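What follows is one structure encoded as structure tokens, with my remarks underneath.
Residue numbers begin at 1 in each chain, while the letters A, B, ... track the order of the sequences. Predicted model, so just to flag it, every value in this text is computed and none were measured.
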Amino acid sequence: MSRYEPSQTETKWQAAWDDAGVFTARRDPARPKYYVLEMFPYPSGRIHMGHVRNYTMGDVVARYKMSCGFSVLHPMGWDAFGMPAENAAMERGGHPKDWTYGNIADMRDQMKPLGLSIDWSREFATCDPEYYGQQQAMFLDMLDAGLVYRKNAVVNWDPVDMTVLANEQVENGRGWRSGALVERKELTQWFFKISDFAGELLSALDGLKDWPEKVRLMQANWIGQSRGLQFSFDTVDAPEGFEKIEVYTTRPDTLMGASFVGISPDHPLAKLLEAQNPELAEFLAECRKGGTTEEAIETAEKIGRDTGLRVKHPLDPNWELPVWIANFILMDYGTGAIFGCPAHDQRDFEFATKYALPINPVFVAEGAEEEALTEAFVPMKSEKVRYVRGFAGAEVQTGEEGVATAIAYAEDKGFGEGVTKYRLRDWGLSRQRYWGCPIPVVHCPACGVVPEKKENLPVRLPDDVTFDKPGNPLDRHPTWRDCSCPKCGAAAKRETDTMDTFVDSSWYYARFTAPRATTPTVAEDADYWMNVDQYIGGIEHAILHLLYSRFFARAMHKTGHLPAKAVEPFDALFTQGMVTHEIYKTTDEKGRPVYHLPEDVDREAGTVKATGETLEIIPSAKMSKSKKNVVDPMNIIAAFGADTARFFVMSDSPPERDVEWTASGAEATSKFLGRVWRIAHEIAEGAGGEGVAEDAALMKATHKAIDEVTRSIDGFAFNKAVAALYTLTNTMQKSGASNAVKREAMKLMAQLMGPMVPHLAEDIWAALGGDGFVVQAPWPKADPALLVEDSVTLPIQINGKRRGEITVPKDMPASEVEKIVLADDAVVKALAGGQPKKLIVVPGRIVNVVI
RNA sequence: GCGGGCGUGGCGGAAUGGUAGACGCAUGGGACUUAAACUCCCUGGGAGGUAACUCCAUGCCGGUUCGAGUCCGGCCGCCCGCACCA
């Protein structure tokens, strides 16, 4: 008998599916629809194992749902704008467009051999003018609806290259190319008003029942709702316009522990003082060093300066507090000003200690006495404490009660107001870069900022640009900027900022429902296909991409581009883990690390093949090119076929966890698939025994597998589905069942394997005389009668330790079980004539005798 | 620094609060073969014991429970995110 030949079989079935148009999505009102979407890839040029895993998971779901009778939409596209294309143009010359479309062609060629059930007729790239032009149209609608505005915001500024840097281009506070110390600089930029939706984006999380709890938690914390007090300190002899400093606090109950007022380096008052005071100006310049990330700001050394200004305490006009500028206070959060209570905030405590500011406890633990603190006392808000410097409410109350009574007190006395605030900031979408969607507005000397006319869309990126110097090529293009004002017709200048690529990925799921339409969406298509029933992607997108998409769907609904039901675009979310691999490292003579590709090392000997150097083997880490711990899926497909690659990434690791790629694992998978093929062909050639009991046993095992595989796919536990298929294969191989029953069992198994190894499954299905494509055959149903077991084995525990077992009829009453247990040798021996203290019988599960 | 998650044999992992280690890999032994490859069978956490069996074991420490890998508290380590990487 011949062997299984994936290279021939796989191309054969892919061509057959194509010819039959099996994966073309059709709006079919007669059938329920199912929209499965994996996060679309960035066209880096090569697919990696993470892609294979991501798209195989989606494919398993898509094919399974197809078999279950759904009209399935399973599209693919490219998140094609972004920095790497510009970097490539800078490093190697060429145009970002050519680089990007070339990469897309390469990656498509690599993905097609995987045999994914994708409707390629819907493919698009976000850098297609047909796509970004529709995005510009929606931007104008959103501008019109008041969802977009301009304000100042800080960027990473490289003072040598005179250019804006992305956060990832800042390394240890320095620009990656120039090495210059990065500064924070303000620019006028475009923003989406996502903060208007903060409350709704938060409360709607409760409705996302099929999202991972951890993602909902992360988003909730990111939105960061807080209840607090907003009030003003009256200043003493302050500059005009700063008679008051407005602060926001979530702990108004600690007001009597205030020892200073802190303002952000970006606070208007700080800017005013900067102009008058060279010493403060120097300090503020110091504060502005470093990148803009919250991480950089939070981990930087906490520094401050006394402005010399004083404010009056709202509860005691004779009590004056100093006003400090502190680098850890964010202008974007609250009012950009706080009062510091060192006794009950660790950061304030460290600040106060450093600058010798007073530390006065407001409350102490219930039953404790006031004493000098060596660190901030920060009990849970739900814990009861005794207020020694309280001003509202009972002496002993919880922090929560303290906050509530303090707000009520402030409102009653009229010096403050209880407010709800969010940590979520508006979404800055301006990028000072070329390779993105142009923001379709015009700056007119007479009319100001004017939206481009819709009939002039798309505002296309010019092709004649160079990347020989840093900065935005649109900015220095000789003619592209020049235009006439859409309103008055006078000479005007185009906006040269482009959009954040998160905008592109915030609505692509909607575009897939009508990818060629001349409007952003088409009502009937959006209505039929939305929402995405199952969205699959990496956990690294838990916050930004998913939150922006949730906002954008709402904004699209407000501007008439999506139905109301689609404001939460993703019904179910699954976040998959990474594909990892060991890292092979040696060190060069200068002590620098040198990494080696898996194929260049002898894993057994622990050496580099070429040189014989001893390797340091670093356990599983995310595959990355720089660490060279990458396995190219194309090599695996060439060696073993796509089914092996697909089955391997579904095996072993639960999908939400990282999976370790091992060469031996891939080989074992390939052997297994070969074994299944062989068994199938033996059956096709008439193999089989004639035992009646074996027939029944095999059908029972097969239906158990149907049940397990079905439940596993439904529950995204593909590794368990794989395990069930291994078990069934072992049973089938050993079974002495008749050929007819074996044939039936193997056909059912081909159906169960189909979503994971579609080519092999089609081949087996055809060999055993199945009708049509296995992918279109109705999904088998487990016969409940074949799933029940008549008897059950119960372990007997004595004091929680397993000491024996009994086998009893499944539905034996507990009282009967007790009798058998008490007569059991191990139990009799342990009791030594005495009585058990307690006898626990968990029906069908376990028995525990407590002595 | 802040937010979230994870941690089980040599390895990947399984286990509605109920027999820890399903299924697989690697290892060791055997069959087939002139030999090898392929394939098939057996073995398979650690320690002790001829054996029946006993003890230890789910990152560490403590708690709840008849019973904890699972729940709670505290630590340690790793991973993801932190708003201009995508």
Practice prompt. Answer with base, sugar-phosphate or nothing: what part of the nucleic acid does A:N719 contact at a heavy-atom distance below 4.0 Å?
Written response: sugar-phosphate
Response to the item:
Residues at least two apart in sequence or cross-chain that pass ring pair (Phe, Tyr, Trp, His ring centres under 6.0 Å) with A:F197, listed by chain then number, are A:F551
Restricting to nitrogen or oxygen on both sides, can you table the protein-nucleotides 45-49 of chain B pairs closer than 3.5 Å?
none

Fill in: Any N/O donor-acceptor pair, A:E295 side-chain to B:C82 base, under 3.5 Å
yes
Worksheet item: Of all residues at least two apart in sequence or in a different chain, which pass the ring pair (Phe, Tyr, Trp, His ring centres under 6.0 Å) check with A:F502?
Response: A:Y548
Discussion item. The criterion is side chain to side chain donor-acceptor pair (under 3.5 Å); which residues satisfy it with A:K704, sequence neighbours excluded?
Written reply: none
Fill in: With sequence neighbours excluded, residues passing salt bridge (charged side-chain N to carboxylate O under 4.0 Å, His left out) with A:D714
none
Fill in: Residues in ring pair (Phe, Tyr, Trp, His ring centres under 6.0 Å) contact with A:W435, at least two apart in sequence or another chain
A:F81
Practice prompt. Report the residue (A:I846 or A:E298) whose heavy-atom-nearest nucleotide on RNA chain B is the more 5′ of the two.
Written response: A:E298
Item to complete: Could you check A:D504, A:T100, A:T501 and say which one makes a side chain to side chain contact (heavy atoms under 4.5 Å, CB included) with A:T126?
Response: A:D504
Worksheet item: Can you find a donor-acceptor pair, distance only, under 3.5 Å between A:N848 side chain and B:C66 base?
Response: yes
Check nucleotides 52-59 of chain B for protein N or O atoms closer than 3.5 Å to its own N or O atoms and list the pairs.
| from | atom 1 | to | atom 2 | distance (Å) |
| --- | --- | --- | --- | --- |
| B:C55 | OP1 | A:R803 | NH2 | 3.4 |

Worksheet item: For RNA chain B, what residues of residues 211-219 of chain A have any heavy atom nearer than 4.0 Å?
Response: A:K214, A:L217, A:M218
Worksheet entry | Distance under 6.0 Å and angle within 45° of ring axis: A:R423 vs A:W222 | yes
Discussion item. Which residues pass the side chain to side chain contact (heavy atoms under 4.5 Å, CB included) test with A:K421, not counting sequence neighbours?
Written reply: A:S226, A:Q230, A:Y248, A:V419
Practice prompt. Could you classify B:G9 for me, syn or anti, using a glycosidic angle within 90° of 0 as syn?
Written response: syn
Worksheet item: Does A:V182 offer a backbone N or O that forms a donor-acceptor pair with the side chain of A:R174 under 3.5 Å?
Response: no
Worksheet item: Can you find a side chain N or O atom of A:N221 that sits less than 4.0 Å from OP1 or OP2 on B:G4?
Response: yes
Discussion item. Run the ring pair (Phe, Tyr, Trp, His ring centres under 6.0 Å) test against A:Y434 and tell me which residues pass, sequence neighbours left out.
Written reply: A:H95, A:F467
Practice prompt. Measure from the ring center of A:F640 to the ring center of A:F648 and say whether it is less than 6.0 Å.
Written response: no
Item to complete: Would you state whether a donor and an acceptor, one from the side chain of A:E708 and one from the base of B:C23, lie under 3.5 Å apart?
Response: no
Item to complete: Could you tell me which residues satisfy side chain to side chain donor-acceptor pair (under 3.5 Å) with A:W507, sequence neighbours excluded, listed by chain and number?
Response: A:Y131, A:Q135
Worksheet item: Can you find a donor-acceptor N/O pair under 3.5 angstrom joining the side chain of A:Q432 to the base of B:C84?
Response: yes
Fill in: NZ/NE/NH1/NH2 to OD/OE distance under 4.0 Å, A:K214 and A:E656
no
Response to the item:
Secondary structure of RNA chain B per the Watson-Crick/G-U criterion (both distances under 3.5 Å; [ ] crossing, | other strand, . unpaired) is (((((((..(((.....[....)))..((((.......))))..((((....))))..(((((..]....))))))))))))....
Worksheet item: Starting at the 5' end of RNA chain B and moving along, which residue's nearest nucleotide shows up first, A:K734 or A:V722?
Response: A:V722
